[in-house]
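What follows is a short report on a single structure.
We count residues from 1, following the sequence as given. Every value quoted in this text rests on a predicted model; they were computed, and no experiment measured them.
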Amino acid sequence: MSYLETQGRIFDIQRYSIHDGPGIRTIVFLKGCALRCRWCCNPESQSYDIQTMVLNGKEKIYGRDVTVGEVMETFVRDMPYYKRSNGGLTLSGGESLLQPEFSRDLLRAGKEVGVNTALESMGYAKYETIEKILPYLDYYLMDIKHMNASKHKEWTGKENTLMIENAMKIARSKMTNLIIRVPVIPGFNDTEAEILDIARYADSLSGVEKIHLLPYHSYGEGKYMGLGREYPMGTVESPSDEKMEQLREMVANNTSLNCVVGG
């Protein structure tokens with residue numbers, strides 16, 4: 001069977017994105033996640049099941065089964081934009097590593113047509129799984145949410161040990177550009193001490209030069225309502241621009257990392 005026939009389950013394809021990697025990108029959002037982060041803005045990504053969401057009084061189905069070849073038919077429409085901007089293909093979720101063969105073959109397809117590839121992931125998988133996709137991956141955009149295992153589990157449902165170990169192994173492999181991303185969540189990890197703990201760990205990883213601080217937002221709140229779920233974050237407000245700039249400066253002054261706000 002050709003790798004283009006590998007099947008997976010997605011819930012969206014977003015074209016003309018300027019985030020989650022360099023240049024203009026197409027982002028493929030895969031279904032399924034092992035974590036249940038309280039601040040998740042894509043609750044439709046968490047379950048692998050195909051779901052119905054009610055938005056503005058209308059039902060919408062989230063989740064469909066596709067082949068790598070079918071995704072690439074959409075992707076290649078925008079080749080001129082990728083070429084001019086040094087853009088490409090990004091996989092997101094959910095956690096793409098829960099569909100490892102589909103993710104690997106999508107990334108392979110991106111490389112075959114001559115664009116750069118990126119994976120937005122928290123690294124929740126055996127390293128042997130990650131190792132199989134690295135030959136096809138240019139940028140690994142890896143979330144590190146907290147350095148404390150018990151607090152990580154309280155807010156996401158899982159401890160962070162596996163992710164922390166995988167970040168080290170990915171960095172040591174030198175097979176991809178590893179960029180650390182930190183969602184800055186009020187009440188969870190938004191103190192200077194907590195952010196600096198993550199930044200210092202990132203700074204210790206071989207070859208890691210960049211860290212992105214991503215401010216919490218509540219844009220996904222309506223999706224929870226559409227799925228008949230309560231929004232876990234309640235009325236928590238986003239961190240101010242001033243707060244984010246203070247954290248950025250603190251990281252820049254205490255590590256060798258290029259620290260930016262946003263992704």
Scanning both residues in full, the closest heavy-atom pair of Lys158 with Ala34 reads CE-O, 3.4 Å

Do you know which two heavy atoms are closest between Tyr140 and Ile170, and how far apart they sit? CE1-CD1, 3.6 Å

Taking atom types as modelled, find out whether Glu5 and Ser2 have a side-chain donor-acceptor pair closer than 3.5 angstrom. no

Does the side chain of Ser206 pick up a donor-acceptor pair with the side chain of Lys174 at under 3.5 Å? yes

Answer yes or no: is there an ion pair linking [X] with [Y], defined by an N-O contact shorter than 4.0 Å?
X: Lys169; Y: Glu131; result: no
X: Arg248; Y: Glu245; result: yes
X: Asp20; Y: Arg25; result: no

Can you classify the ring geometry of Phe75 versus Tyr82 as parallel (below 30°), tilted (30 to 60°) or perpendicular (above 60°)? parallel

Describe, in one word, how the ring planes of Tyr231 and Tyr224 are oriented to each other, choosing from parallel (under 30°), tilted (30 to 60°) and perpendicular (over 60°). perpendicular

Check the hydrophobic clustering (I, L, V, M, F, W, Y; side-chain heavy atoms under 4.5 Å; chains of links allowed) and say if [X] and [Y] are grouped together.
X: Tyr48; Y: Val68; result: no
X: Leu178; Y: Ile130; result: yes
X: Tyr124; Y: Leu205; result: yes
X: Ile24; Y: Met79; result: no
X: Leu98; Y: Leu134; result: no

Residue of the set Lys60, Gln46, Lys31, Glu44 for which side-chain hydrogen bond (donor to acceptor under 3.5 Å, both in side chains) holds with Gln51: Lys31

Roughly how far, to the nearest 0.5 Å, is CG of Leu257 from CD1 of Ile180? 9.0 Å

Approximate separation, where rounding is to 0.5 Å, of Glu70 CD and Ile13 CD1: 9.5 Å

Indicate yes or no for a side-chain donor-acceptor contact from Asn160 to the backbone of Ile144 under 3.5 Å, with no hydrogens or angles considered. no

Using ring centroids (six-membered ring only for Trp), state whether Tyr216 and Trp39 fall under 6.0 Å. no

Checking side chain to side chain donor-acceptor pair (under 3.5 Å) for the pair Thr255/Asp203: CA distance, chi angles, key distance, verdict? CA-CA 6 Å; Thr255 71; Asp203 202 22; 4.6 Å; no

